[in-house]
Amino acid sequence: MNLLHRFTNAVDFKNYDDFYNNFKLNVPDHFNFAYDVVDEYAKLEPSKRALVWCDDFGGEKIFDFADIKRISDQTANFFYSLGIRKGDTVLVILQRRHEYWTTLMGLSKLGAIGIPATHMLMEKDLVYRMEKAGVKAVVAVDEEELCDNILKAASHVPSVKHLLVVGKREGFIDYDAAVEKQPENLLFDNRADCSADDTILIYFTSGTTGMPKMVCLSQRYTLGHIITARYWLRCLDEGLHFTLAETGWAKCSWGKLFGQWICGSAIFVYDFHGKFDPADLLEYITKYKITTFCAPPTVYRFMMKTDLSKYDLSSIRTMMTAGEALNPEIYKQIYLKTGHRIYEGFGQTETTVVCATFPDFVEIRPGSMGKPSPLYDVQLLNDEDQPVEEGAGEICIRLRHPQQGLFDGYYHDPELTETVKHDGYYHLGDLAYRDSDGYYWFVGRKDDIIKSSGYRIGPFEVESALMEHPAVLECAITGVPDTEGVRGQLVKATIVLAKGYQPSEELKKELQNHVKKTTAPYKYPRVVEFVEELPKTISGKIRRVQIREKDARL
């Protein structure tokens with residue numbers, strides 16, 4: 001069984017138009033995910049599988065919903081004993097440890113706010129987050145550099161009262177041991193005070209264009225991931241879903257928690273350490289018989305260079321991707337090697353899935369991000385905030401009341417919220433164009449658009465063309481000023497070469513000619529720079545703004 005019918009008006013639809021026009025969410029006024037999903041499963045079907053966790057040291061743990069309820073109750077009791085109350089913020093840096101899920105559910109029961117974060121944060125990053133969010137406690141994995149940085153950062157932030165670690169380390173409370181000592185039933189009763197509008201999570205954005213922003217997400221938002229999990233990821237009741245993502249990023253909420261559990265699907269977690277190895281990943285898919293799988297395009301790029309015939313992938317029903325636009329060449333190679341089509345989804349930390357190739361309703365067109373979710377009235381607007389009839393425009397969501405599946409605003413920052421939510425729209429900052437069949441095609445971040453000789457050139461199409469060439473491992477397209485003052489900007493390609501290739505003028509010309517033949521000739525990169533690596537955020541996204549800043553200083 002699953003809980004879909006409790007929160008939707010219907011589950012099955014005839015076609016996309018029926019789905020888009022008629023799907024509705026039912027959100028109870030006092031909805032709380034931990035009580036209304038986790039505890040409900042624990043009551044109705046306690047032995048239902050919830051979480052399958054393993055690591056690369058041979059460890060394995062399987063949790064049913066009765067386990068998740070019991071441990072989350074103990075976790076809530078522990079935080080309650082520390083004085084954590086409704087609205088308090090807790091920084092959660094647990095990588096892929098299974099404690100992440102019970103920690104978030106325990107905080108949800110308290111009405112406290114979890115702030116997931118990556119273990120790669122340095123001292124200054126931690127200070128910034130602790131101060132901006134008024135963090136009261138930190139719970140972290142036991143990694144020496146991380147814990148040292150947490151201790152240093154906390155010494156500068158008076159609001160931080162408690163440091164907890166999964167393990168034993170000086171200056172920290174042993175988190176698991178403290179939780180295990182707590183009673184298995186809640187020591188408080190706050191159910192009547194819960195509201196669908198309570199904040200459950202705050203995410204700091206990855207900071208591709210500036211300082212990270214604090215995205216405030218409510219209990220109501222979690223139900224929006226029914227669209228993500230049921231209709232895009234195609235999570236199955238009693239299935240096992242695997243999204244490759246660390247818990248510090250919003251992709252975890254998309255693929256490793258809310259929608260999956262509502263759909264009745266267990267979540268698979270592979271807690272690997274060190275460098276990612278696609279062979280290990282494929283071994284685990286085979287061993288645990290994963291039914292639905294989602295990974296960023298980079299992982300599929302690794303996979304397409306692996307001998308996939310060695311692995312039994314027959315358990316997989318659907319494959320998906322998100323996080324960055326999917327190059328058509330990757331889609332083609334994976335399809336040729338596995339017979340699986342990759343269904344693309346698009347959204348942000350601030351949203352659930354906005355557009356997708358929904359497997360039941362939307363035919364894949366490689367390179368397209370599909371059609372809009374029924375939760376959103378998606379519009380393309382020009383620089384004057386007028387609807388675009390033809391060509392590219394900024395992706396915007398016309399605001400409804402109540403607006404399901406969208407962030408409430410930036411935490412304690414109404415002025416910043418107003419910069420993206422105004423005049424009846426939420427502005428995503430991404431550009432796309434819509435074809436005559438209603439498919440959306442990603443162009444690029446609004447800040448990344450290159451204006452050259454009267455043309456507006458998005459980086460994605462040029463990057464996709466370059467990625468088809470075997471010499472290119474990674475690339476980023478940016479604009480640089482035309483010193484001759486003729487074109488305004490020139491298209492520049494910053495390229496990391498694949499193994500076996502060396503920079504040369506001949507290769508540069510070959511790549512330029514390749515782009516001319518693959519896409520419109522005016523889009524080819526007139527400037528080419530070969531580099532060892534591209535600047536990236538700690539979430540792995542390319543920082544084109546850093547490339548532009550570097551070029552501006554030259």
**Q.** Heavy-atom neighbours of Phe302 CZ exceed 12 at 6.0 Å
**A.** no

**Q.** Lys/Arg-Asp/Glu bridge criterion (N-O < 4.0 Å) met for Glu474, Lys536
**A.** yes

**Q.** Spacing of CD1 belonging to Ile113 relative to CG belonging to Leu91, to within rounding of 0.5 Å
**A.** 12.5 Å

Q) Taking it one step at a time, do Arg6 and Leu3 satisfy side-chain contact (heavy atoms from CB on, under 4.5 Å)? A) CA-CA 6 Å; Arg6 292 199 177 187; Leu3 299 180; 3.9 Å; yes

Q. side-chain contact (heavy atoms from CB on, under 4.5 Å) with Ile115: which of Ile93, Leu201, Thr89, Val138?
A. Thr89

**Q.** Derivation of the side-chain contact (heavy atoms from CB on, under 4.5 Å) call for Val166 and Asp142
**A.** CA-CA 6 Å; Val166 177; Asp142 186 10; 5.7 Å; no

**Q.** Least distance between heavy atoms, Trp261 atom then Phe33 atom
**A.** CE3-CE2, 4.0 Å

Q) Can a salt bridge be assigned to the pair Asp12 and Arg230 using a cut-off of 4.0 Å between side-chain N and carboxylate O? A) yes

(Q) Using side-chain hydrogen bond (donor to acceptor under 3.5 Å, both in side chains), reason through Thr247 and Gln95 one step at a time and then give a plain yes or no. (A) CA-CA 5 Å; Thr247 59; Gln95 283 182 280; over 6 Å; no

(Q) With salt bridge (Lys or Arg N to Asp or Glu O under 4.0 Å) as the criterion, how do Lys136 and Asp88 come out once you've worked through the C-alpha distance, each side chain's angles and the decisive distance to 0.1 Å? (A) CA-CA 7 Å; Lys136 297 286 183 69; Asp88 287 343; 3.0 Å; yes

Q | Tyr411 versus Thr199, side-chain donor and acceptor atoms under 3.5 Å | A | no

Q. Do the two ring centres, one from Phe57 and one from His273, sit under 6.0 Å apart?
A. yes

Q: Using a strict 4.0 Å threshold on nitrogen-to-oxygen distance, state whether Asp73 and Arg70 make a salt bridge.
A: no

Q: First locate atom OG1 of Thr338, then atom CD1 of Ile316, and finally report the distance between them rounded to the nearest 0.5 Å.
A: 8.0 Å

Q) Arg544 and Glu463: salt bridge (Lys or Arg N to Asp or Glu O under 4.0 Å), yes or no, with the steps? A) CA-CA 12 Å; Arg544 294 181 186 85; Glu463 290 170 357; 3.0 Å; yes

(Q) To check you understand the geometry: which heavy-atom pair defines the closest contact between Gln74 and Gln182, and what is its length? (A) NE2-O, 3.0 Å

(Q) Under a 3.5 Å cutoff, is there a donor and acceptor pairing between the side chains of Glu238 and Ser265? (A) no

(Q) Under 3.5 Å, is there a donor on one side chain and an acceptor on the other for Ser108 and Gln219? (A) yes

Q. If you take all heavy atoms of Leu244 and Pro296, which pair is closest and at what distance?
A. O-CD, 4.0 Å

Q.
Could you measure the distance from the OG1 atom of Thr494 to the CD1 atom of Ile547? Nearest 0.5 Å is fine.
A. 4.0 Å

Q) Could Arg96 and Phe272 be counted as a cation-pi pair, given that NZ or CZ must be under 6.0 Å from the ring centre and within 45° of the axis? A) yes

Q.
Could you check whether Tyr175 and Thr103, counting side-chain N and O atoms only, form a donor-acceptor pair closer than 3.5 Å?
A. yes

**Q.** Validation row, ring centre Phe242 to ring centre Tyr284 under 6.0 Å
**A.** no

Q. Taking the six-membered ring for Trp, are Phe63 and His98 parallel (under 30°), tilted (30 to 60°) or perpendicular (over 60°)?
A. tilted

Q) Hey, which of Trp232, Phe19, Phe23, Tyr231 is the one that makes ring pair (Phe, Tyr, Trp, His ring centres under 6.0 Å) with Phe358? A) Phe19

(Q) Determine whether a donor-acceptor pair (N or O, by modelled atom type, separation under 3.5 Å) exists between the side chain of Tyr128 and the backbone of Pro212. (A) yes

Q: For side-chain contact (heavy atoms from CB on, under 4.5 Å), just list the numbers for Leu164 and Leu82, CA-CA rounded to whole Å, side-chain angles, deciding distance to a tenth of an Å, and then say yes or no.
A: CA-CA 11 Å; Leu164 322 169; Leu82 296 179; 4.3 Å; yes

Q) For the atom pair OG1 (Thr205) and CH2 (Trp249), what is the distance rounded to the nearest 0.5 Å? A) 8.5 Å

Q: State whether Asp174 and Lys168 are salt-bridged, where the test is any N-O pair (Lys NZ or Arg NE/NH1/NH2 against Asp/Glu carboxylate O) under 4.0 Å.
A: yes

Q) What is the distance from atom CG of Asp198 to atom CG of Leu110, rounded to the nearest 0.5 Å? A) 12.0 Å

Q | Sub-4.5 Å side-chain heavy-atom contact between Leu281 and Ile285 | A | yes

(Q) Does this structure show an ion pair linking Arg234 with Asp360, if we count only N-O contacts that are shorter than 4.0 Å? (A) yes

Q: Flag the pair Trp53 / Tyr270 as yes when their ring centroid distance falls below 6.0 Å, and as no otherwise.
A: no

Q. Quick one: do Asp39 and Lys109 make a salt bridge, cutoff under 4.0 Å?
A. yes

Q. So how far is it from Ile226 CD1 to Ile262 CD1, rounded to the nearest 0.5 Å?
A. 4.5 Å

Q) Do Leu4 and Asp237 have side chains that get closer than 4.5 Å, going by heavy atoms? A) no

Q. Take atom NZ in Lys251; do more than 12 heavy atoms of anything else shown fall under 6.0 Å from it?
A. yes

Q | Heavy-atom closest contact (Thr318 atom, Leu233 atom, distance) | A | OG1-O, 3.4 Å

(Q) Using every non-hydrogen atom in the two residues, find where Met320 and Tyr300 come nearest and quote the distance to one decimal. (A) O-OH, 2.8 Å

Q) Going by heavy atoms in the side chains, are Val215 and Phe204 under 4.5 Å from each other? A) no

Q. Going by heavy atoms in the side chains, are Val353 and Tyr376 under 4.5 Å from each other?
A. no

Q.
Students often mix this up, so state it plainly: with edges at 30° and 60°, are the rings of Phe13 and Phe361 parallel, tilted or perpendicular?
A. perpendicular

Q: Measure from the side-chain N and O atoms of Thr306 to the backbone N and O of Leu308, and report whether any donor-acceptor pair falls under 3.5 Å.
A: no

Q) Counting only heavy atoms not in Glu145, do more than 12 sit closer than 6.0 Å to its CD atom? A) no

Q. Stepwise, does the side-chain contact (heavy atoms from CB on, under 4.5 Å) test hold for Val165 with Cys147?
A. CA-CA 8 Å; Val165 70; Cys147 290; 4.0 Å; yes

Q. Between Arg301 and Glu329, is there a salt bridge with N-O shorter than 4.0 Å?
A. no

Q) Is the NZ atom of Lys48 crowded by more than 12 outside heavy atoms at less than 6.0 Å? A) yes

Q: Please report the shortest heavy-atom distance between Pro470 and Ala498, naming the atom on each side.
A: O-CB, 3.5 Å

Q) Is any side-chain heavy atom of Asp176 less than 4.5 Å from a side-chain heavy atom of Glu99? A) yes

Q. According to the interplanar angle, ranging from 0 to 90°, do the rings of Phe407 and Tyr410 count as parallel (below 30°), tilted (30 to 60°) or perpendicular (above 60°)?
A. tilted

Q: Please test Ser253 against Tyr221 for side-chain hydrogen bond (donor to acceptor under 3.5 Å, both in side chains), starting from the C-alpha separation and ending with a verdict.
A: CA-CA 10 Å; Ser253 288; Tyr221 153 89; 4.9 Å; no

Q.
A quick test of your reading: do over 12 heavy atoms of other residues, nucleotides or ligands sit less than 6.0 Å from CD of Glu60?
A. yes

Q: Would you check if there is a donor-acceptor pair between the side chains of Thr352 and His225 at a distance under 3.5 Å?
A: no

